[in-house]
Asker: 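The structure is given below, and queries will be raised subsequently.
On a predicted model such as this, the values are computed, not experimentally measured, just so you know.
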Amino acid sequence: MSDLIKQAAVDLAGSDNVVVLTGAGISVESGIPPFRGKGGVWERVDPMEYATIDAFMRDPGRVWDVLVREMKNCIDRSRPNDAHYGLATLEKMGIVKTVITQNVDGLHQAAGSTDVIEFHGNFAWLRCMECGQREETRKIAMAEIPPRCSCGGILRPEVIFFGEQIPTAALMRSEQIASRCDIMLVVGTSAVVQPAAYMPVVAKNSGARVIEINPERTPLTASTSDYLVQGKAGKVMRKLVEEIERLR
């Protein structure tokens, strides 16, 4: 792994146009459970019953009580880890331009990343369904379910529920920057959820190098990635940033 970290450091240090794609694996170390896979939220909560926009509109209190409350509790406790801070540091160095994330926890922004495209929205902010007022999820008390805005409207998370479309602007911009980057850094994603999983393919087809940081091989590993640095996101990113700082 050390040789691959050194290789990745050399590649990244020589670029000023890196785009990052992140998934659930980068936030697990911050206490955010994945939705899919072993130990995921969908093992305990039926997504078709609680995570569709129809379910929320039909009974927002029930969805808040079963699904959104759990996510709020996780977000209230979670803090960015070395992987989030590492990417923010690379942005400050002028290496990373944009983070495209499938995550809904807001931890990239909390760590200091300033240009984050959220494919699936986030649970970190709530929006009033009546007046559009936004409230930070951490600051909302749970005395009333569902919580309400000062205008009386119901607050909903700014997440993309099943049955809602990924914002067109987010998808179009992601494709554009993926096609123009020198390197795409893929961190902590299983690379099976579309359309996010297609962004490294767009980058590769446009001539970019694709560097993958994951604990296990993914569908990208054999077909798209130039190489895989195998390990947990926080540990690898910490060593990677240290190596880049040494090179500079």
Asker: Between OG1 of T101 and CG of L107, what distance do you get to the nearest 0.5 Å?
Answerer: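 So the gap between those two atoms works out to 9.0 Å.
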Asker: Over all heavy atoms of both residues, which pair between V63 and Y50 is shortest? Give the atoms and the distance, please.
Answerer: CG1-O, 3.2 Å
Asker: Between Q133 and S150, is any side-chain donor less than 3.5 angstrom from a side-chain acceptor?
Answerer: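 Per modelled atom types, Q133 and S150 side chains form no pair under 3.5 Å.
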Asker: Say whether M184 and I177 are linked into one hydrophobic cluster, either directly or through other cluster members, by side-chain heavy-atom distances under 4.5 angstrom.
Answerer: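 Yes, M184 and I177 fall within the same hydrophobic cluster.
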Asker: Can you tell me if S27 uses its side chain to pair, donor with acceptor, with the backbone of A24 under 3.5 Å?
Answerer: no
Asker: Please name the pair of heavy atoms, one in F123 and one in P157, separated by the smallest distance, quoted to 0.1 Å.
Answerer: CD2-CB, 3.6 Å
Asker: Taking it one step at a time, do V10 and K6 satisfy side chain to side chain contact (heavy atoms under 4.5 Å, CB included)?
Answerer: CA-CA 6 Å; V10 170; K6 289 179 180 178; 5.6 Å; no
Asker: Linking I/L/V/M/F/W/Y whenever any side-chain heavy atoms sit under 4.5 Å apart, do V187 and M93 land together?
Answerer: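 Yes, it is one cluster - the side chains of V187 and M93 are joined through contacts under 4.5 Å.
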Asker: Which heavy atom of A208 sits nearest a heavy atom of I183, and at what distance?
Answerer: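 Closest approach of A208 to I183: CB-N, 4.2 Å.
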Asker: Is it true that E49 and R62 have a side-chain N and a carboxylate O under 4.0 angstrom from each other?
Answerer: yes
Asker: Kindly check if the number of other-residue, nucleotide or ligand heavy atoms within 6.0 Å of CD (E216) is above 12?
Answerer: no
Asker: Taking all atoms of both residues into account, what is the closest heavy-atom pair of R69 and M142, and its distance?
Answerer: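 Between these two residues, the closest heavy atoms are CG-CE, 3.8 Å.
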Asker: How close do Q230 and P215 get, heavy atom to heavy atom, and via which atoms?
Answerer: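 In terms of heavy atoms, the two residues are closest at NE2-O, 3.0 Å.
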Asker: Do the side chain of N214 and the main chain of G188 share a donor and acceptor less than 3.5 angstrom apart?
Answerer: yes
Asker: Could you state the interatomic distance from OG (S2) to CD (E243), rounded to the nearest 0.5 Å?
Answerer: 9.5 Å
Asker: For R180, is there any backbone N or O sitting under 3.5 Å from a side-chain donor or acceptor partner on N17?
Answerer: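 Such a contact is found between N17 side chain and R180 backbone.
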Asker: Could you tell me whether the side chain of D182 reaches within less than 4.5 Å of the side chain of R209, counting heavy atoms only?
Answerer: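 Of all side-chain heavy-atom pairs linking D182 with R209, none is under 4.5 Å.
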Asker: Linking I/L/V/M/F/W/Y whenever their side-chain heavy atoms sit closer than 4.5 Å, directly or via other members, would Y85 and V96 fall into one cluster?
Answerer: no
Asker: Roughly how far, to the nearest 0.5 Å, is the CZ atom of R173 from the CD1 atom of I100?
Answerer: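 Reported to 0.5 Å precision, the distance equals 8.5 Å.
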Asker: Would you indicate whether the side-chain heavy atoms of L171 and F119 approach each other to under 4.5 Å?
Answerer: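 In contact.
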Asker: Which of these passes side chain to side chain contact (heavy atoms under 4.5 Å, CB included) with V20: T98, L185, I213, L90?
Answerer: L185
Asker: Would you call R238-E29 a salt bridge at under 4.0 Å N-O?
Answerer: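 E29 and R238: not salt-bridged.
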Asker: Find the distance between CG (D65) and CD (E70) and round it off to the nearest 0.5 Å.
Answerer: 11.5 Å
Asker: Could you give the distance from CE (M71) to OG (S78), rounded to the nearest 0.5 Å?
Answerer: 8.5 Å
Asker: Would you confirm whether R127, through its side chain, and R156, through its main-chain N or O, come within 3.5 Å as a donor-acceptor pair?
Answerer: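 No, because the side chain of R127 does not come within donor-acceptor range (under 3.5 Å) of the backbone of R156.
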Asker: Hey, does Q109 have a side-chain heavy atom less than 4.5 Å from the side chain of E118?
Answerer: yes
Asker: Is there a side chain to side chain contact (heavy atoms under 4.5 Å, CB included) between D115 and K97 once you walk through the steps?
Answerer: CA-CA 7 Å; D115 188 7; K97 295 304 183 194; 5.7 Å; no
Asker: Could you tell me if the side chain of D11 sits less than 4.5 Å from the side chain of Y227, heavy atoms only?
Answerer: yes
Asker: Taking I26's backbone N and O only, do any of them form a donor-acceptor pair with N81's side chain (distance below 3.5 Å, no angle check)?
Answerer: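 Yes, N81 side chain to I26 backbone: donor-acceptor pair under 3.5 Å.
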Asker: Can you establish whether the number of heavy atoms outside K72 located under 6.0 Å from its atom NZ is more than 12?
Answerer: yes
Asker: Evaluate whether atom CE of M57 has more than 12 neighbouring non-hydrogen atoms of other residues, nucleotides or ligands under 6.0 angstrom away.
Answerer: no
Asker: Is there a chain of hydrophobic side chains (I, L, V, M, F, W, Y, each step under 4.5 Å between heavy atoms) that links I145 to V68?
Answerer: yes
Asker: A side-chain contact here means heavy atoms from C-beta on lying under 4.5 Å apart; do P167 and I160 qualify?
Answerer: yes
Asker: Would you say that C151 contacts C128 through its side chain, given a criterion of any heavy-atom pair below 4.5 Å between the two side chains?
Answerer: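 Yes; the side chains approach each other to less than 4.5 Å.
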Asker: Salt bridge or not between E242 and K239? Use side-chain N to carboxylate O under 4.0 Å.
Answerer: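 No, no charged N to carboxylate O under 4.0 Å.
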Asker: Is there a side-chain contact between L240 and I244, using heavy atoms and a 4.5 Å cut-off?
Answerer: yes
Asker: Could you check L220 against V186 for side chain to side chain contact (heavy atoms under 4.5 Å, CB included), going step by step and ending with a plain yes or no?
Answerer: CA-CA 9 Å; L220 292 175; V186 179; 4.0 Å; yes
Asker: Between W125 and E135, does the side chain to side chain contact (heavy atoms under 4.5 Å, CB included) criterion hold? Intermediate values first, please.
Answerer: CA-CA 6 Å; W125 287 87; E135 301 286 349; 5.7 Å; no
Asker: Looking at G23, is its backbone amide N or carbonyl O close enough to the side chain of N103 to form a donor-acceptor pair, meaning the two atoms are under 3.5 Å apart?
Answerer: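 Flag set: sc N103 to bb G23 pair under 3.5 Å.
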Asker: Indicate if I117 and L21 have the same hydrophobic cluster label, given that clusters are the connected sets of ILVMFWY residues with side-chain heavy-atom separations under 4.5 angstrom.
Answerer: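 Cluster IDs for I117 and L21 match.
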Asker: Would you say the side chain of S30 lies within less than 4.5 Å of the side chain of D105, judging by non-hydrogen atoms?
Answerer: no
Asker: How close do P219 and A191 get, heavy atom to heavy atom, and via which atoms?
Answerer: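 So the minimum-distance heavy-atom pair works out to CG-O, 4.0 Å.
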Asker: Between CG of D54 and CD of E164, what distance do you get to the nearest 0.5 Å?
Answerer: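 If we round to the nearest 0.5 Å, D54:CG and E164:CD are 9.5 Å apart.
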